[in-house]
Amino acid sequence: MRAATPSMYADVLTESTLRDVVDLAVRLVEFAGALVIFVGAAWAFVQFIGYGTVGLRKWRGTPGAEFGFNRIRLTLGRFLALGLEFQLAGDVLRTAIAPSFTEIGQLAAIAAIRTVLNYILGREIEQERREIERLSPQTGAATPGTTP
């Protein structure tokens with residue numbers, strides 16, 4: 001049996017093959033992020049319609065009725081944050097194979113924007129969650145994350 005040499009591996013995994021594999025991984029990760037965002041938006045839309053047609057009539061005039069909308073926003077924000085994390089992971093993967101300085105600069109700018117958006121979204125989610133928790137005992141509203 002012949003011992004494996006570095007040249008044998010170079011024949012199996014060429015740079016173009018590696019680029020193709022990483023490109024496929026980037027596309028899959030970015031698709032996962034887009035899918036998470038789409039599912040979250042669809043879920044929030046269905047909840048909003050349900051709340052607007054049934055929940056609003058049910059809770060009209062009761063303390064804490066605004067929590068239904070806040071819970072929908074909070075959950076949608078979580079989906080958006082997770083989707084942005086997947087998108088950022090795709091950006092990081094894209095830089096794995098010897099990119100040019102122009103590509104690095106573009107990806108750094110995109111990653112910075114997505115990171116800032118994710119940070120701001122995370123802060124807003126936390127503030128919304130604290131506000132719901134603060135007001136829940138006073139109004140008798142359900143705990144955050146439950147359907148109203």
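- Taking all atoms of both residues into account, the shortest heavy-atom contact from G77 to L121 is O-CD2, 3.5 Å.
- The distance from atom CH2 of W43 to atom CZ of F38, rounded to the nearest 0.5 Å, is 15.0 Å.
- Taking hydrophobic clusters as Ile, Leu, Val, Met, Phe, Trp and Tyr residues chained together by side-chain heavy-atom distances below 4.5 Å, L107 does not share a cluster with V92.
- The other members of the hydrophobic cluster of L28, by chain and number, are L24 (side-chain heavy atoms under 4.5 Å, ILVMFWY only).
- Between R73 and E124 there is a salt bridge, since a side-chain N of the basic residue sits under 4.0 Å from a carboxylate O of the acidic one.
- For the atom pair CD (E128) and CZ (R78), the distance works out to 10.0 Å, reported to the nearest 0.5 Å.
- Side-chain contact between D91 and T95: absent, with no pair of heavy atoms (C-beta onward) separated by less than 4.5 Å.
- Both I72 and F45 sit in one connected hydrophobic cluster of ILVMFWY residues. Membership requires side-chain heavy atoms under 4.5 Å apart, directly or through other members.
- Considering only heavy atoms from C-beta on, L88 stays 4.5 Å or farther from L84 through its side chain.
- Both L35 and V26 are part of a single hydrophobic cluster, where members link through side-chain heavy atoms under 4.5 Å apart.
- The CG atom of N118 sits 9.0 Å away from atom CG of L82, with the distance rounded to the nearest 0.5 Å.
- Taking 4.0 Å as the cut-off between side-chain N and carboxylate O, R94 and E30 count as a salt-bridged pair.
- Summarising the geometry, atom CZ belonging to R123 is positioned 6.0 Å from atom CD belonging to Q127; distances are rounded to the nearest 0.5 Å.
- Here the closest heavy-atom approach between residue V39 and residue F79 is recorded as CG1-CE2, 4.1 Å.
- Of the possible donor and acceptor atoms, one in the side chain of R114 sits under 3.5 Å from a partner among the backbone N and O of Q87.
- In this structure, T115 OG1 and I110 CD1 are separated by 11.5 Å, a value rounded to the nearest 0.5 Å.
- When the side chains of ILVMFWY residues are joined at heavy-atom separations under 4.5 Å, either directly or via intervening members, L117 and Y119 end up in two distinct hydrophobic clusters.
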